[in-house]
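Working notes, structure below.
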2 protein chains.
Amino acid sequence: MGRSPAARTVWLRALKEARVARGLSQAELGAMVGLPQSHISRIESGAVDVGISTLLEISRSLGLEPVAVPASLVPAVRSLLRAGSHDGPPRPAYALDDDDG
Amino acid sequence: MGRSPAARTVWLRALKEARVARGLSQAELGAMVGLPQSHISRIESGAVDVGISTLLEISRSLGLEPVAVPASLVPAVRSLLRAGSHDGPPRPAYALDDDDG
DNA sequence: TTGTTCAATATGCGAATACGTATGAATGTG
DNA sequence: CACATTCATACGTATTCGCATATTGAACAA
């Protein structure tokens, strides 16, 4: 497979939670992005090391924009995310936590 | 190849700039992450759709933490990044801009 | 200028892996 | 049971990835 299974589980968990929170099935999400349901399944389960372009498309279709933050600023960004999750209507806000290795 | 070459160019540009800004060669960066120089080359040139796990390792080795931000909060995060780029050592702070596609 | 050397980046090829199509398993509803 | 819905797996093709090698570019000498 790819390189570090652990390193990507956090992303995958966040994406799956975002999908479920929006009431989308794997097939529906796949249709939005132009991917087969089977691949969404493998991505979420961590069975494959998905390409960055696909990850970007999936994230954005779920309303999440990936951003590279300098490590020193991560806490500030994280608190900003928590504070800002009050506005939109159905929308869950997801940050990527680093609770694995 | 993967799916959307344009979608990933922003990431790649940011990573390459971060690498160069820190005075690292492709070989040195590769050694830090356990990748051959040849692969770093293809990643930066956009010739391959790199796997997410590798992208995470590279980003973190350069001091950049990928975070999924709700689209509505991107402007706030971005201004935070601009404001906070004073502290670090040689200090390049990189956000992912969406100035393509 | 021409040639040499060294550091950095790019490319060909085989082996490993991701991806798409088709299908199956599991669960729920009448 | 018949049918629908959602997610998971098998197999073949396309792409990535690592190794070895080639190419590029800058600095210097004669």
Side-chain angles (χ1 to χ4, degrees), chain A residues 1-64 66 68 90 92 94 100, chain B residues 1-64 66 68 90 92 94 101:
Chain A
M1 205 196 301
R3 297 183 56 72
S4 165
R8 78 183 95 105
T9 41
V10 183
W11 274 88
L12 307 183
R13 199 163 41 227
L15 287 183
K16 176 168 186 176
E17 287 176 12
R19 174 181 67 80
V20 173
R22 288 163 197 247
L24 294 171
S25 68
Q26 292 180 342
E28 287 171 324
L29 174 59
M32 294 171 64
V33 189
L35 287 174
Q37 172 271 324
S38 61
H39 199 209
I40 305 284
S41 170
R42 280 184 286 233
I43 292 170
E44 288 186 349
S45 72
V48 299
D49 190 17
V50 67
I52 172 64
S53 65
T54 297
L55 184 88
L56 286 174
E57 289 187 39
I58 293 178
S59 298
R60 288 172 178 159
S61 74
L62 292 172
L64 298 176
Y94 292 103
D100 64 332
Chain B
M1 207 195 308
R3 298 182 54 71
S4 165
R8 78 184 93 105
T9 44
V10 182
W11 274 86
L12 307 183
R13 200 165 37 228
L15 287 182
K16 177 168 185 177
E17 286 176 15
R19 174 180 66 81
V20 173
R22 292 170 191 240
L24 293 171
S25 68
Q26 293 179 342
E28 289 170 324
L29 174 58
M32 294 171 65
V33 189
L35 287 173
Q37 171 271 325
S38 59
H39 199 210
I40 305 283
S41 170
R42 278 187 275 239
I43 292 170
E44 288 186 348
S45 71
V48 299
D49 191 17
V50 66
I52 173 66
S53 65
T54 297
L55 184 88
L56 287 173
E57 288 187 39
I58 293 178
S59 299
R60 288 171 177 160
S61 74
L62 291 172
L64 299 177
Y94 292 104

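We use all heavy atoms of the structure for the numbers below, so side chains are in, but hydrogens, waters and symmetry mates are not. Throughout, a chain's letter reflects where its sequence line sits, starting with A, and its residues are numbered from 1.
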Gap between atoms [atom1] and [atom2], on [X] and [N] respectively (whole Å):
X       : N      : atom1 : atom2 : result
B:Leu24 : C:dA7  : CG    : C1'   : 15 Å
B:Glu28 : C:dA8  : CD    : P     : 6 Å
A:Glu44 : D:dT6  : CD    : P     : 13 Å
A:Leu12 : C:dA18 : CG    : P     : 12 Å
B:Ile52 : C:dC19 : CD1   : C1'   : 17 Å
B:Leu35 : D:dC19 : CG    : P     : 10 Å
A:Ile43 : D:dT9  : CD1   : C1'   : 15 Å
B:Asp49 : C:dA18 : CG    : P     : 12 Å

Measure the [atom1]-[atom2] distance between [X] and [Y] for me, rounded to the nearest 0.5 Å.
X       : Y       : atom1 : atom2 : value
B:Leu64 : B:Ile58 : CG    : CD1   : 11.5 Å
A:Ser61 : A:Leu24 : OG    : CG    : 8.0 Å
B:Thr54 : A:Ile52 : OG1   : CD1   : 11.0 Å

Query raised in the report: Does A:Ser41 put a side-chain nitrogen or oxygen below 4.0 Å from OP1 or OP2 of D:dA8?
Result: yes
Query raised in the report: Choosing from C:dA18, C:dT9, D:dA8, which nucleotide comes nearest the side chain of A:Gln26?
Result: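 Side chain of A:Gln26 sits closest to D:dA8.
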Query raised in the report: Looking at the side chain of B:Arg19, which of C:dT9, D:dT16, C:dA18 is the nearest nucleotide?
Result: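 Of the options given, the side chain of B:Arg19 lies nearest C:dT9.
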Query raised in the report: What does B:Ile40 touch in the nucleic acid at a heavy-atom separation under 4.0 angstrom: a base, only the sugar-phosphate, or nothing?
Result: nothing
Requested in this report: Describe the nucleic acid contact of A:Ser25 in one word from base, sugar-phosphate, nothing, applying a heavy-atom distance below 4.0 Å.
Outcome: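 Sugar-phosphate, backbone atoms only, no base.
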Requested in this report: Quick one, give me the B/S/- string for nucleotides 21-26 of chain C, reading 5' to 3', where B means a protein heavy atom under 4.0 Å from the base and S means that only happens at the primed atoms, P, OP1 or OP2.
Outcome: BB----
Which atoms form the tightest heavy-atom contact between [X] and [Y], and what is the distance?
X       : Y       : answer
B:Leu12 : B:Ile43 : CD1-O, 3.2 Å
A:Leu56 : A:Pro66 : CD2-CG, 3.5 Å
A:Leu62 : A:Ala18 : CD1-CB, 4.0 Å

Report task. Applying side chain to side chain contact (heavy atoms under 4.5 Å, CB included), name anything that partners B:Glu44, two or more places apart in sequence or on another chain. Result ->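 Per chain and number, B:Glu44 pairs via side chain to side chain contact (heavy atoms under 4.5 Å, CB included) with B:Lys16, B:Arg19, B:Gln26, B:Ile40.
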